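Worksheet: the structure to be examined is printed underneath.
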Number of protein chains: 2
Amino acid sequence: MSVERILVVDDEPQIQRFLRPALSAAGYEVLEAMTGAEALKAAATTAPDLVILDLGLPDMDGKEVIANLRGWSQVPIIILSARDRESEKIAALDLGADDYIEKPFGIGELTARIRTALRHRVQMEGGQTQLSADGVSIDTIKRVVTKDGQPLRLTPKEYDLLVMLAHHAGRVVTHKTLLTSVWGVAHGEDLHYLRVFIGQLRGKIERDPADPRIIRTEPGVGYRFVGDDG
Amino acid sequence: MSVERILVVDDEPQIQRFLRPALSAAGYEVLEAMTGAEALKAAATTAPDLVILDLGLPDMDGKEVIANLRGWSQVPIIILSARDRESEKIAALDLGADDYIEKPFGIGELTARIRTALRHRVQMEGGQTQLSADGVSIDTIKRVVTKDGQPLRLTPKEYDLLVMLAHHAGRVVTHKTLLTSVWGVAHGEDLHYLRVFIGQLRGKIERDPADPRIIRTEPGVGYRFVGDDG
DNA sequence: GCGCGCGCTGAGCCGTCTTTGAGGAGGGCG
DNA sequence: CGCCCTCCTCAAAGACGGCTCAGCGCGCGC
């Protein structure tokens with residue numbers, strides 16, 4: 001397993017200064033966000049393995065952040081909060097948070113709860129760097145896509161879209177997940193973008209774009225990348 | 001979802017007297033055990049959906065119970081404890097417990113954490129084999145339904161309906177439950193939708209749609225998904 | 001300035017899914 | 001036996017989602 005990446009969302013610098021070295025020492029890579037908007041953007045662009053979220057953010061309610069994240073991502077979320085009102089806890093957990101820790105807390109407990117949350121995560125083949133399907137192969141390290149050995153010219157958006165789909169090979173990726181990760185959280189509803197770019201991608205990678213084998217449409221839900229193993 | 005069964009392991013009668021009515025009121029079926037040995041036996045024989053475990057047991061250390069359970073079961077475990085030593089929490093979580101709640105606690109928080117833990121279980125089960133019945137198998141992670149190995153084309157509503165029924169395999173799901181979960185609360189009375197779509201589903205998954213084996217009609221009540229195990 | 005590649009937007013067409021309606025089979029009960 | 005309630009089937013409309021194409025704007029290199 002490669003190093004897990006944790007997004008820490010907190011507007012208090014002292015918390016960041018406390019958590020960053022502690023989590024680094026525990027072997028995690030730490031990403032930071034100070035506001036809810038930053039957090040959503042970072043979650044979409046960097047796809048962290050876990051999110052630690054302070055409920056008290058300057059720009060939006062932490063509960064909104066949870067709800068937005070859960071609209072398109074299954075990433076584990078651990079809430080940190082100084083508020084110990086039971087209704088807050090219940091609301092956050094029912095919105096989809098995975099754990100809720102009250103301040104003050106010990107770093108040992110936090111890392112133990114992080115390990116627990118990461119255990120829950122459904123095992124996926126995220127670390128793949130080489131994928132292939134029907135003559136098309138993707139090398140995410142070289143950032144090169146070839147079809148029958150010939151290199152293909154893909155635009156940045158086309159490439160991001162293809163990689164996102166390929167990382168979830170065999171599974172359906174919802175419209176919202178694709179839009180959020182490729183275009184950003186602000187475009188989670190712009191379905192039309194997706195249709196146009198899927199069309200362009202198919203034109204480049206499919207043998208017969210009218211009968212797509214690699215990128216299948218799942219009506220009303222999203223798209224599915226079908227790899228060589230089915 | 002059928003009624004989830006929760007095993008409460010605690011040797012203090014007042015805790016049992018407190019939890020039993022509270023959990024029953026929240027819609028769960030409560031099983032009880034007073035000792036670690038009883039708990040392990042009960043877990044093995046009744047296969048509860050979740051275990052609530054007090055660390056302070058008379059006959060053995062709660063941590064042993066966790067370790068033993070984890071040797072053969074993935075059932076979610078929530079620890080209750082009056083001991084708030086951080087090392088206890090860390091040890092329990094790293095042994096495989098899913099959550100750790102300190103006494104005293106609110107019943108609202110407990111049920112919220114129960115819901116969270118049960119949510120995880122559904123995710124994990126989805127990753128496993130998933131249900132099969134009479135040649136039809138459903139994989140909710142890939143979102144694929146196959147019949148005798150051949151993938152089936154199901155529309156979104158058909159798929160939602162089938163998954164809803166399969167999640168409650170062996171039990172009757174009422175018309176109203178199906179309608180509100182697939183079509184939304186506004187269509188809780190549109191029984192006709194259900195009849196049409198059940199008909200379409202049977203046409204696709206049953207060997208003989210006129211003599212349905214997988215989706216049985218329960219006249220006046222609802223429908224029942226019958227899995228391979230009965 | 002000019003051309004080009006890329007991303008975004010709008011319009012139109014098409015196929016499928018959903019909804020709706022009508023008609024008929026089966027079973028319980030007076 | 002005949003009525004009525006529940007359930008099933010079939011078919012057609014309309015709505016919706018999906019695909020394609022054409023065009024515009026922007027930034028970059030020449």
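All values reported here derive from a predicted model rather than from experimental measurement. Atom set for the values below is all heavy atoms of this structure, side chains included, hydrogens, waters and symmetry mates excluded. Below, chain A is the first sequence line, B the second, and so on; all start at residue 1.
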Contact under 4.0 Å: [X] side-chain N or O vs [N] OP1/OP2:
X: B:R202; N: D:dC8; answer: yes
X: B:T217; N: D:dT6; answer: no
X: A:W183; N: C:dG7; answer: no

Q: Anything under 30° is parallel, anything over 60° is perpendicular, the rest tilted; go ahead and classify A:F105 against A:F18.
A: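 Geometry flag for A:F18 against A:F105: tilted rings.
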To the nearest 0.5 Å, how far apart are [atom1] in [X] and [atom2] in [Y]?
X: A:L154; Y: A:Q200; atom1: CG; atom2: CD; result: 10.5 Å
X: A:R224; Y: A:R216; atom1: CZ; atom2: CZ; result: 8.0 Å
X: B:D49; Y: B:E29; atom1: CG; atom2: CD; result: 9.0 Å

Nearest-Å distance, [atom1] ([X]) to [atom2] ([N])?
X: B:Y193; N: D:dC7; atom1: OH; atom2: P; answer: 18 Å
X: A:I198; N: D:dG18; atom1: CD1; atom2: C1'; answer: 11 Å
X: A:E206; N: D:dC19; atom1: CD; atom2: P; answer: 11 Å
X: B:Q200; N: D:dA11; atom1: CD; atom2: C1'; answer: 12 Å
X: A:H175; N: D:dC16; atom1: NE2; atom2: C1'; answer: 13 Å
X: A:E189; N: C:dT9; atom1: CD; atom2: P; answer: 14 Å
X: B:D190; N: D:dC7; atom1: CG; atom2: C1'; answer: 16 Å
X: A:R195; N: D:dC21; atom1: CZ; atom2: C1'; answer: 16 Å

**Q.** Within 45° cone of A:Y159 ring axis and under 6.0 Å: A:R143 NZ or CZ
**A.**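 Ring-cation test returns yes.
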Q: Would you classify B:H187 as touching base, sugar-phosphate or nothing, given that sugar-phosphate means primed atoms plus P, OP1 and OP2, and contacts are heavy atoms under 4.0 Å?
A: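 The answer is nothing, as B:H187 stays clear of every strand by at least 4.0 Å.
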Q: Would you indicate what A:Y223 reaches in the nucleic acid, counting non-hydrogen atoms under 4.0 angstrom: base, sugar-phosphate, or nothing?
A: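 Answer is sugar-phosphate: A:Y223 comes under 4.0 Å of backbone atoms only.
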Q) Regarding A:T217 and A:R195, is there a side-chain donor-to-acceptor distance under 3.5 Å anywhere? A)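 Judged by distance alone, the side chains do not pair up.
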Q: State plainly whether the residues A:D98 and A:R70 are in salt-bridge range, i.e. N to O under 4.0 Å.
A: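 Here A:D98 pairs with A:R70 in a salt bridge, since their nearest N and O are under 4.0 Å apart.
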Detail all sub-3.5 Å separations between protein N/O atoms and N/O atoms belonging to nucleotides 12-17 of chain C.
{"from": "C:dC17", "atom 1": "OP1", "to": "B:R153", "atom 2": "NH2", "distance (Å)": "3.3"}

(Q) Between A:Y193 and A:H187, is the ring centroid distance below 6.0 Å? (A)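 Distance test on ring centres: under 6.0 Å, yes.
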Q.
Across nucleotides 25-30 of chain D, 5' to 3', mark each nucleotide with B, S or - according to how protein heavy atoms within less than 4.0 Å reach it.
A. ------
Q.
Determine whether a donor-acceptor pair (N or O, by modelled atom type, separation under 3.5 Å) exists between the side chain of A:D59 and the backbone of A:G36.
A.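 Present.
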